[in-house]
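Working notes, beginning with the structure itself.
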Amino acid sequence: MDQSIIISKNIKAELANAISECEHDKLFVLTDVTTREKCWPILQDHQSLKDAQPITIEATDTHKNLASLSQVWQSLQAGGATRHSCLVNIGGGMVTDLGGFAASTFKRGINFINIPTTLLAMVDASVGGKTGINFGGLKNEIGVFNDARFVIIDTNFLQSLDALNLRSGYAEMLKHGLISNEEHWGELLRFDLSTPNLDRLKNMVAESVQVKEHIVKGDPTEQGLRKALNLGHTFGHAFESFSLKGALPSSNSGNSTPALLHGYAVAFGLICELYLSAVKLGFPADKMQQTVRFICDYYGTYNITCNDYPELISLMMHDKKNTAGIINFTLLGDIGDIRINQTATEEEMKEALDFFREA
Ligand SMILES: NC(=O)c1ccc[n+]([C@@H]2O[C@H](COP(=O)([O-])OP(=O)(O)OC[C@H]3O[C@@H](n4cnc5c(N)ncnc54)[C@H](O)[C@@H]3O)[C@@H](O)[C@H]2O)c1
Ligand SMILES: [Zn+2]
(Lines give C-alpha, C1' and ligand atoms only; values in the text may rest on other atoms or scores of the structure.)
(Ligands and ions follow the chains in the order given, each with its own letter.)
Protein backbone atom coordinates (compact mmCIF):
# COMPACT_ATOMS: atom_id res chain seq x y z
CA MET A 1 0.00 0.00 0.00
CA ASP A 2 1.20 3.50 -0.68
CA GLN A 3 1.68 5.82 2.20
CA SER A 4 1.43 9.61 2.04
CA ILE A 5 4.03 11.35 4.12
CA ILE A 6 3.14 14.94 4.82
CA ILE A 7 5.52 17.49 6.28
CA SER A 8 2.96 19.59 8.03
CA LYS A 9 2.27 23.22 7.31
CA ASN A 10 -1.17 23.28 8.84
CA ILE A 11 -1.90 20.17 10.85
CA LYS A 12 -5.56 20.98 11.29
CA ALA A 13 -6.21 21.00 7.55
CA GLU A 14 -3.93 18.06 6.79
CA LEU A 15 -5.42 15.91 9.48
CA ALA A 16 -8.96 16.77 8.39
CA ASN A 17 -8.04 15.82 4.85
CA ALA A 18 -6.36 12.55 5.89
CA ILE A 19 -9.33 11.57 8.01
CA SER A 20 -11.78 12.30 5.24
CA GLU A 21 -9.68 10.31 2.76
CA CYS A 22 -9.74 7.32 5.12
CA GLU A 23 -13.44 6.73 4.83
CA HIS A 24 -14.58 5.44 8.21
CA ASP A 25 -17.59 4.80 10.38
CA LYS A 26 -15.83 5.33 13.70
CA LEU A 27 -12.61 7.07 14.60
CA PHE A 28 -10.22 6.14 17.41
CA VAL A 29 -7.19 8.01 18.76
CA LEU A 30 -4.34 6.15 20.41
CA THR A 31 -1.88 7.93 22.71
CA ASP A 32 0.35 6.89 25.57
CA VAL A 33 -0.07 8.58 28.95
CA THR A 34 2.60 11.15 28.13
CA THR A 35 1.46 12.09 24.64
CA ARG A 36 -2.08 12.22 26.01
CA GLU A 37 -0.90 14.98 28.31
CA LYS A 38 1.64 16.77 26.06
CA CYS A 39 0.39 16.29 22.51
CA TRP A 40 -3.35 15.57 22.54
CA PRO A 41 -4.21 19.08 23.84
CA ILE A 42 -2.77 20.51 20.60
CA LEU A 43 -5.23 18.46 18.53
CA GLN A 44 -8.24 17.81 20.68
CA ASP A 45 -10.25 20.84 19.56
CA HIS A 46 -9.94 19.94 15.91
CA GLN A 47 -13.32 19.45 14.35
CA SER A 48 -12.16 16.32 12.55
CA LEU A 49 -11.39 14.62 15.87
CA LYS A 50 -14.44 15.70 17.82
CA ASP A 51 -16.10 12.29 17.69
CA ALA A 52 -12.91 10.30 18.11
CA GLN A 53 -12.82 7.76 20.91
CA PRO A 54 -9.63 7.97 22.96
CA ILE A 55 -7.47 4.98 23.87
CA THR A 56 -4.51 5.57 26.19
CA ILE A 57 -1.78 3.05 26.98
CA GLU A 58 1.25 3.18 29.28
CA ALA A 59 4.36 4.90 27.90
CA THR A 60 7.77 3.67 26.68
CA ASP A 61 9.11 0.59 24.99
CA THR A 62 8.64 -1.63 28.08
CA HIS A 63 4.92 -1.39 27.43
CA LYS A 64 5.15 -2.22 23.71
CA ASN A 65 3.82 -5.60 24.68
CA LEU A 66 0.92 -7.99 24.43
CA ALA A 67 -0.89 -6.45 27.42
CA SER A 68 -1.01 -2.99 25.80
CA LEU A 69 -1.91 -4.50 22.44
CA SER A 70 -4.73 -6.42 24.03
CA GLN A 71 -5.93 -3.23 25.69
CA VAL A 72 -6.09 -1.51 22.29
CA TRP A 73 -7.95 -4.42 20.66
CA GLN A 74 -10.40 -4.49 23.59
CA SER A 75 -10.99 -0.75 23.39
CA LEU A 76 -11.61 -0.97 19.66
CA GLN A 77 -14.04 -3.82 20.19
CA ALA A 78 -15.82 -2.14 23.11
CA GLY A 79 -16.06 1.08 21.11
CA GLY A 80 -17.83 -0.74 18.28
CA ALA A 81 -15.00 -0.57 15.75
CA THR A 82 -15.66 -2.31 12.44
CA ARG A 83 -13.50 -3.12 9.42
CA HIS A 84 -14.27 0.40 8.25
CA SER A 85 -13.02 2.21 11.32
CA CYS A 86 -9.80 4.20 11.47
CA LEU A 87 -7.13 4.58 14.14
CA VAL A 88 -4.98 7.70 14.59
CA ASN A 89 -1.71 7.01 16.43
CA ILE A 90 -0.30 10.03 18.25
CA GLY A 91 3.04 9.37 19.87
CA GLY A 92 6.59 8.16 19.55
CA GLY A 93 7.74 4.97 17.90
CA MET A 94 6.25 2.90 20.67
CA VAL A 95 2.73 4.15 19.89
CA THR A 96 3.13 4.09 16.09
CA ASP A 97 4.61 0.54 16.16
CA LEU A 98 2.00 -0.88 18.52
CA GLY A 99 -0.93 1.12 17.15
CA GLY A 100 0.07 0.20 13.60
CA PHE A 101 0.12 -3.47 14.53
CA ALA A 102 -3.18 -3.27 16.41
CA ALA A 103 -4.82 -1.62 13.39
CA SER A 104 -3.21 -4.06 10.94
CA THR A 105 -4.63 -7.05 12.77
CA PHE A 106 -7.99 -5.85 14.08
CA LYS A 107 -10.70 -7.41 11.86
CA ARG A 108 -7.84 -8.33 9.47
CA GLY A 109 -6.81 -4.73 9.15
CA ILE A 110 -8.24 -1.24 9.45
CA ASN A 111 -6.78 2.05 8.20
CA PHE A 112 -4.44 3.96 10.43
CA ILE A 113 -2.81 7.38 10.41
CA ASN A 114 0.46 8.15 12.20
CA ILE A 115 1.18 11.45 13.87
CA PRO A 116 4.72 10.97 15.19
CA THR A 117 5.60 13.16 18.16
CA THR A 118 9.25 12.22 18.84
CA LEU A 119 12.09 12.98 16.47
CA LEU A 120 12.89 9.28 16.25
CA ALA A 121 9.34 8.47 15.20
CA MET A 122 9.28 11.35 12.68
CA VAL A 123 12.40 10.34 10.78
CA ASP A 124 12.31 6.62 11.37
CA ALA A 125 9.67 4.60 13.22
CA SER A 126 6.46 6.05 11.77
CA VAL A 127 7.64 5.67 8.17
CA GLY A 128 8.38 2.49 6.26
CA GLY A 129 5.68 0.05 7.26
CA LYS A 130 7.25 -1.90 10.10
CA THR A 131 4.76 -2.45 12.92
CA GLY A 132 4.87 -4.73 15.92
CA ILE A 133 5.46 -5.43 19.58
CA ASN A 134 8.15 -6.93 21.81
CA PHE A 135 7.51 -10.50 22.93
CA GLY A 136 9.21 -13.21 24.96
CA GLY A 137 12.00 -10.84 25.94
CA LEU A 138 12.81 -10.06 22.30
CA LYS A 139 12.37 -6.71 20.62
CA ASN A 140 9.91 -6.44 17.73
CA GLU A 141 9.43 -10.20 17.79
CA ILE A 142 5.83 -10.12 16.55
CA GLY A 143 4.69 -7.79 13.79
CA VAL A 144 3.77 -7.19 10.19
CA PHE A 145 4.82 -4.90 7.38
CA ASN A 146 1.93 -2.55 6.75
CA ASP A 147 1.89 1.13 5.85
CA ALA A 148 -0.03 3.85 7.59
CA ARG A 149 -2.31 5.52 5.05
CA PHE A 150 -0.93 8.91 6.11
CA VAL A 151 2.00 10.05 8.19
CA ILE A 152 1.70 13.67 9.25
CA ILE A 153 4.95 15.12 10.57
CA ASP A 154 4.72 18.30 12.60
CA THR A 155 7.95 19.32 14.32
CA ASN A 156 6.01 21.62 16.67
CA PHE A 157 5.37 18.58 18.81
CA LEU A 158 9.10 18.51 19.56
CA GLN A 159 8.77 21.57 21.78
CA SER A 160 7.82 19.39 24.72
CA LEU A 161 10.29 16.59 23.96
CA ASP A 162 13.24 16.25 26.37
CA ALA A 163 16.81 16.77 25.15
CA LEU A 164 17.77 13.10 25.54
CA ASN A 165 14.98 11.89 23.28
CA LEU A 166 15.70 14.69 20.80
CA ARG A 167 19.33 13.62 20.55
CA SER A 168 18.31 10.00 20.32
CA GLY A 169 16.23 10.72 17.22
CA TYR A 170 18.92 12.94 15.78
CA ALA A 171 21.32 9.97 15.68
CA GLU A 172 19.07 8.32 13.08
CA MET A 173 19.19 11.57 11.12
CA LEU A 174 22.99 11.47 11.23
CA LYS A 175 22.79 7.93 9.88
CA HIS A 176 20.53 9.13 7.06
CA GLY A 177 23.05 11.88 6.32
CA LEU A 178 25.91 9.39 6.12
CA ILE A 179 24.06 7.05 3.75
CA SER A 180 22.75 9.83 1.49
CA ASN A 181 24.98 12.72 0.43
CA GLU A 182 27.65 15.09 1.61
CA GLU A 183 25.46 18.17 1.58
CA HIS A 184 22.85 16.70 3.92
CA TRP A 185 25.56 15.19 6.14
CA GLY A 186 27.38 18.57 6.35
CA GLU A 187 24.17 20.40 7.26
CA LEU A 188 23.52 17.89 10.04
CA LEU A 189 27.01 18.37 11.49
CA ARG A 190 26.61 22.15 11.47
CA PHE A 191 23.41 22.01 13.53
CA ASP A 192 23.60 23.16 17.13
CA LEU A 193 21.95 20.38 19.12
CA SER A 194 22.35 22.14 22.46
CA THR A 195 19.97 24.97 21.46
CA PRO A 196 18.03 23.34 18.64
CA ASN A 197 16.32 25.68 16.22
CA LEU A 198 13.09 23.84 15.44
CA ASP A 199 12.49 25.77 12.23
CA ARG A 200 15.82 24.70 10.83
CA LEU A 201 15.29 21.22 12.14
CA LYS A 202 12.03 21.01 10.24
CA ASN A 203 13.77 21.24 6.86
CA MET A 204 16.31 18.67 7.87
CA VAL A 205 13.57 16.33 9.11
CA ALA A 206 11.87 16.60 5.72
CA GLU A 207 15.10 15.63 3.99
CA SER A 208 15.82 12.85 6.45
CA VAL A 209 12.40 11.28 5.93
CA GLN A 210 13.00 11.37 2.19
CA VAL A 211 16.20 9.37 2.66
CA LYS A 212 14.33 6.66 4.52
CA GLU A 213 11.37 6.76 2.15
CA HIS A 214 13.63 6.38 -0.88
CA ILE A 215 15.42 3.38 0.57
CA VAL A 216 12.25 1.67 1.79
CA LYS A 217 10.54 2.15 -1.59
CA GLY A 218 13.45 0.38 -3.26
CA ASP A 219 13.26 -2.56 -0.86
CA PRO A 220 10.08 -2.66 1.25
CA THR A 221 10.74 -6.05 2.89
CA GLU A 222 14.46 -5.76 3.55
CA GLN A 223 15.96 -8.04 0.92
CA GLY A 224 18.97 -5.84 0.20
CA LEU A 225 19.09 -2.04 -0.07
CA ARG A 226 17.08 -1.53 3.11
CA LYS A 227 20.07 -2.92 4.98
CA ALA A 228 21.63 0.51 4.39
CA LEU A 229 19.48 1.63 7.32
CA ASN A 230 21.41 -0.78 9.56
CA LEU A 231 24.50 1.44 9.52
CA GLY A 232 25.63 1.89 13.14
CA HIS A 233 23.14 -0.71 14.31
CA THR A 234 25.32 -3.84 14.59
CA PHE A 235 27.52 -2.30 17.25
CA GLY A 236 24.59 -0.11 18.29
CA HIS A 237 22.30 -3.01 19.19
CA ALA A 238 25.14 -4.64 21.11
CA PHE A 239 25.68 -1.46 23.15
CA GLU A 240 21.94 -1.18 23.70
CA SER A 241 21.53 -4.78 24.93
CA PHE A 242 24.68 -4.50 27.00
CA SER A 243 23.41 -1.34 28.69
CA LEU A 244 20.04 -2.96 29.37
CA LYS A 245 21.72 -5.77 31.27
CA GLY A 246 23.73 -3.26 33.27
CA ALA A 247 20.57 -1.36 34.08
CA LEU A 248 18.67 -4.35 35.44
CA PRO A 249 18.39 -4.19 39.24
CA SER A 250 19.17 -7.90 39.46
CA SER A 251 22.37 -7.55 37.46
CA ASN A 252 25.47 -9.00 39.10
CA SER A 253 27.76 -7.28 36.66
CA GLY A 254 28.48 -4.42 39.02
CA ASN A 255 27.82 -2.22 36.00
CA SER A 256 25.36 0.41 37.17
CA THR A 257 25.37 2.44 33.96
CA PRO A 258 21.76 3.30 33.03
CA ALA A 259 20.23 1.82 29.87
CA LEU A 260 21.10 3.72 26.71
CA LEU A 261 18.38 5.27 24.60
CA HIS A 262 18.34 3.60 21.19
CA GLY A 263 19.74 6.61 19.33
CA TYR A 264 22.62 7.00 21.77
CA ALA A 265 23.55 3.36 21.19
CA VAL A 266 23.33 3.98 17.43
CA ALA A 267 25.52 7.08 17.70
CA PHE A 268 28.18 5.03 19.49
CA GLY A 269 27.70 2.24 16.96
CA LEU A 270 28.31 4.76 14.16
CA ILE A 271 31.71 5.56 15.66
CA CYS A 272 32.73 1.89 15.58
CA GLU A 273 31.33 1.25 12.13
CA LEU A 274 32.86 4.39 10.62
CA TYR A 275 36.17 3.13 11.95
CA LEU A 276 35.63 -0.23 10.21
CA SER A 277 34.56 1.66 7.07
CA ALA A 278 37.79 3.67 7.17
CA VAL A 279 40.18 0.75 7.69
CA LYS A 280 38.42 -1.74 5.43
CA LEU A 281 36.88 0.39 2.70
CA GLY A 282 38.87 3.61 2.74
CA PHE A 283 36.12 5.86 4.13
CA PRO A 284 37.85 9.29 4.32
CA ALA A 285 39.51 9.81 7.72
CA ASP A 286 38.64 13.52 7.92
CA LYS A 287 34.91 12.86 7.47
CA MET A 288 35.09 10.09 10.02
CA GLN A 289 36.79 12.43 12.51
CA GLN A 290 34.27 15.22 11.98
CA THR A 291 31.38 12.84 12.57
CA VAL A 292 33.04 11.30 15.61
CA ARG A 293 33.69 14.75 17.09
CA PHE A 294 30.03 15.72 16.67
CA ILE A 295 28.91 12.53 18.37
CA CYS A 296 31.35 12.90 21.27
CA ASP A 297 30.31 16.55 21.76
CA TYR A 298 26.60 15.86 21.97
CA TYR A 299 26.32 12.24 23.11
CA GLY A 300 29.29 12.04 25.48
CA THR A 301 30.74 8.63 25.83
CA TYR A 302 29.85 5.23 27.21
CA ASN A 303 32.22 3.56 29.61
CA ILE A 304 33.33 0.10 28.60
CA THR A 305 36.61 -1.70 29.27
CA CYS A 306 38.38 -4.38 27.24
CA ASN A 307 36.90 -6.92 29.66
CA ASP A 308 33.53 -6.11 28.10
CA TYR A 309 34.63 -6.90 24.53
CA PRO A 310 33.79 -10.64 24.57
CA GLU A 311 30.26 -9.94 25.71
CA LEU A 312 29.75 -7.15 23.17
CA ILE A 313 31.06 -9.36 20.38
CA SER A 314 28.89 -12.24 21.56
CA LEU A 315 25.86 -9.93 21.47
CA MET A 316 26.75 -9.03 17.87
CA MET A 317 27.06 -12.72 17.00
CA HIS A 318 23.47 -13.21 18.11
CA ASP A 319 22.10 -10.24 16.19
CA LYS A 320 19.13 -11.24 14.04
CA LYS A 321 20.68 -9.46 11.04
CA ASN A 322 23.27 -12.27 10.73
CA THR A 323 23.07 -15.33 8.54
CA ALA A 324 25.08 -18.54 9.10
CA GLY A 325 26.66 -17.13 12.24
CA ILE A 326 28.57 -14.41 10.39
CA ILE A 327 28.21 -10.90 11.76
CA ASN A 328 26.67 -8.69 9.10
CA PHE A 329 27.66 -5.03 8.83
CA THR A 330 26.55 -2.21 6.61
CA LEU A 331 29.58 -0.01 6.01
CA LEU A 332 30.48 2.95 3.78
CA GLY A 333 33.19 3.55 1.18
CA ASP A 334 32.38 7.27 1.46
CA ILE A 335 29.33 9.33 2.31
CA GLY A 336 26.47 7.82 0.31
CA ASP A 337 28.63 4.92 -0.91
CA ILE A 338 26.73 2.12 0.83
CA ARG A 339 28.25 -1.35 1.10
CA ILE A 340 25.88 -3.93 2.57
CA ASN A 341 26.75 -7.47 3.70
CA GLN A 342 30.22 -6.65 5.02
CA THR A 343 32.05 -8.74 7.58
CA ALA A 344 34.86 -8.07 10.04
CA THR A 345 37.27 -10.26 11.95
CA GLU A 346 37.18 -10.41 15.72
CA GLU A 347 40.46 -8.50 15.76
CA GLU A 348 38.98 -5.70 13.66
CA MET A 349 35.94 -5.50 15.92
CA LYS A 350 38.18 -5.17 18.96
CA GLU A 351 40.15 -2.44 17.22
CA ALA A 352 36.87 -0.64 16.50
CA LEU A 353 36.01 -0.83 20.21
CA ASP A 354 39.50 0.47 21.10
CA PHE A 355 38.92 3.35 18.71
CA PHE A 356 35.55 4.04 20.33
CA ARG A 357 37.12 4.14 23.81
CA GLU A 358 39.83 6.51 22.69
CA ALA A 359 37.41 8.81 20.82
N1 LIG B 1 8.99 0.69 12.94
C2 LIG B 1 10.23 1.08 12.77
O3 LIG B 1 10.74 1.10 11.63
C4 LIG B 1 11.01 1.54 13.94
C5 LIG B 1 12.23 2.20 13.75
C6 LIG B 1 12.90 2.67 14.87
C7 LIG B 1 12.37 2.48 16.13
N8 LIG B 1 11.20 1.83 16.28
C9 LIG B 1 10.59 1.64 17.62
O10 LIG B 1 10.28 2.91 18.14
C11 LIG B 1 10.29 2.85 19.55
C12 LIG B 1 11.09 3.99 20.09
O13 LIG B 1 10.49 5.20 19.67
P14 LIG B 1 10.68 6.55 20.48
O15 LIG B 1 12.12 6.81 20.68
O16 LIG B 1 9.84 7.54 19.80
O17 LIG B 1 10.15 6.14 21.92
P18 LIG B 1 8.75 6.31 22.68
O19 LIG B 1 7.61 6.22 21.77
O20 LIG B 1 8.81 5.37 23.80
O21 LIG B 1 8.84 7.82 23.20
C22 LIG B 1 9.81 8.18 24.16
C23 LIG B 1 9.17 8.95 25.31
O24 LIG B 1 8.80 10.26 24.86
C25 LIG B 1 7.44 10.51 25.18
N26 LIG B 1 6.96 11.47 24.16
C27 LIG B 1 6.56 11.21 22.91
N28 LIG B 1 6.31 12.36 22.27
C29 LIG B 1 6.53 13.36 23.14
C30 LIG B 1 6.45 14.78 23.05
N31 LIG B 1 6.13 15.39 21.90
N32 LIG B 1 6.73 15.50 24.15
C33 LIG B 1 7.10 14.89 25.31
N34 LIG B 1 7.21 13.56 25.45
C35 LIG B 1 6.94 12.80 24.37
C36 LIG B 1 6.79 9.18 25.15
O37 LIG B 1 5.59 9.17 25.87
C38 LIG B 1 7.87 8.32 25.81
O39 LIG B 1 7.80 8.44 27.19
C40 LIG B 1 10.88 1.50 19.92
O41 LIG B 1 9.84 0.67 20.33
C42 LIG B 1 11.50 1.01 18.61
O43 LIG B 1 11.50 -0.39 18.53
C44 LIG B 1 10.52 1.37 15.22
ZN1 LIG C 1 17.59 2.63 14.81
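Both ligands and their constituent atoms are indexed starting at 1 by order of listing. These values consider heavy atoms only, across backbone and side chains, with no hydrogens, waters or symmetry-generated copies.
- Of all protein heavy atoms, the one closest to atom 27 (C) of ligand 1 is T118 CG2, 3.2 Å.
- For ligand 1, the polar-atom distance check against G93 finds a nitrogen or oxygen pair separated by under 3.5 Å.
- Residue contacts with ligand 1: T117 is placed with a nitrogen or oxygen under 3.5 Å of a nitrogen or oxygen of the ligand (distance criterion only).
- Distances from ligand 1 to the non-hydrogen atoms of S168 include no value under 4.0 Å.
- For a threshold of 3.5 Å applied to N or O pairs, the pair formed by K64 and ligand 1 contains at least one separation below that value.
- Panel note: side chain E273, backbone T234; a donor-acceptor pair is recorded below 3.5 Å.
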* To do: Any chance you could lay out the side chain to side chain contact (heavy atoms under 4.5 Å, CB included) test for D337 and L332, step after step, and finish with the verdict?
  => CA-CA 5 Å; D337 176 8; L332 297 174; 5.7 Å; no

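- For N10 (side chain) and A13 (main-chain N/O), a donor-acceptor pair under 3.5 Å exists by modelled atom type.
- For the 3.5 Å distance criterion, the side chains of D162 and N165 qualify, holding a donor opposite an acceptor.
- With hydrogens and angles left out, the side-chain atoms of H176 and S208 include a donor and acceptor closer than 3.5 Å.
- On a distance-only criterion, M94 and ligand 1 share at least one N/O pair closer than 3.5 Å.
- Donor-acceptor pairing under 3.5 Å is recorded for the side chains of T221 and Q223.
- Here the shortest heavy-atom pairing between A52 and V29 reads CB-CG2, 3.6 Å.
- Atoms of ligand 1 found under 4.0 Å from any heavy atom of T34 (numbered from 1 in listed order, with element): 34 (N), 37 (O).
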* To do: Show the numbers, then the answer: is there a side chain to side chain contact (heavy atoms under 4.5 Å, CB included) between K350 and C306?
  => CA-CA 8 Å; K350 286 182 177 166; C306 38; over 6 Å; no

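- Closest protein heavy atom to atom 41 (O) of ligand 1: D61 OD1, 2.4 Å.
- Taking the Zn ion (ligand 2) as reference, E172 places its N/O/S atom OE2 nearest.
- In this structure, K139 contributes its side chain and I133 its backbone to no donor-acceptor pair below 3.5 Å.
- For atom 44 (C) of ligand 1, the nearest non-hydrogen atom of the protein is D97 OD2, 3.2 Å.
- Interface of T60 with ligand 1, defined as ligand atoms under 4.0 Å from a residue heavy atom, comprises 20 (O), 39 (O).
- Taking any N or O of K38, backbone or side chain, none lies under 3.5 Å from an N or O belonging to ligand 1.
- Residue E58 places no heavy atom under 4.0 Å from ligand 1.
- Of all atoms in ligand 1, numbered sequentially from 1 with element shown, those under 4.0 Å from a heavy atom of C39 are 30 (C), 31 (N).
- Residue N140 has at least one heavy-atom neighbour below 4.0 Å for each of these atoms of ligand 1: 43 (O).
- Interface of D32 with ligand 1, defined as ligand atoms under 4.0 Å from a residue heavy atom, comprises 36 (C), 37 (O).
- Residue-ligand proximity, K212 to ligand 1, at heavy-atom distances under 4.0 Å covers atoms 3 (O).
- Inclusion of F157 in the set of residues having an N or O under 3.5 Å from an N or O of ligand 1 is warranted.
- Each of the following atoms of ligand 1 lies closer than 4.0 Å to a heavy atom of G92: 16 (O), 19 (O).
- Between the side chains of N230 and T330, no donor N or O sits under 3.5 Å from an acceptor N or O.
- Protein heavy atom at the shortest distance from atom 15 (O) of ligand 1 is L120 CD2, 3.6 Å.
- Here the straight-line distance linking atom CG of L166 with atom CD of Q159 works out to 11.5 Å at 0.5 Å rounding.
- Connection of M204 to V211 is established within a shared hydrophobic cluster, with ILVMFWY side chains joined at heavy-atom distances below 4.5 Å, either directly or through further cluster members.
- For ligand 1, the polar-atom distance check finds an N/O of S160 within less than 3.5 Å of one of the ligand's N/O atoms.
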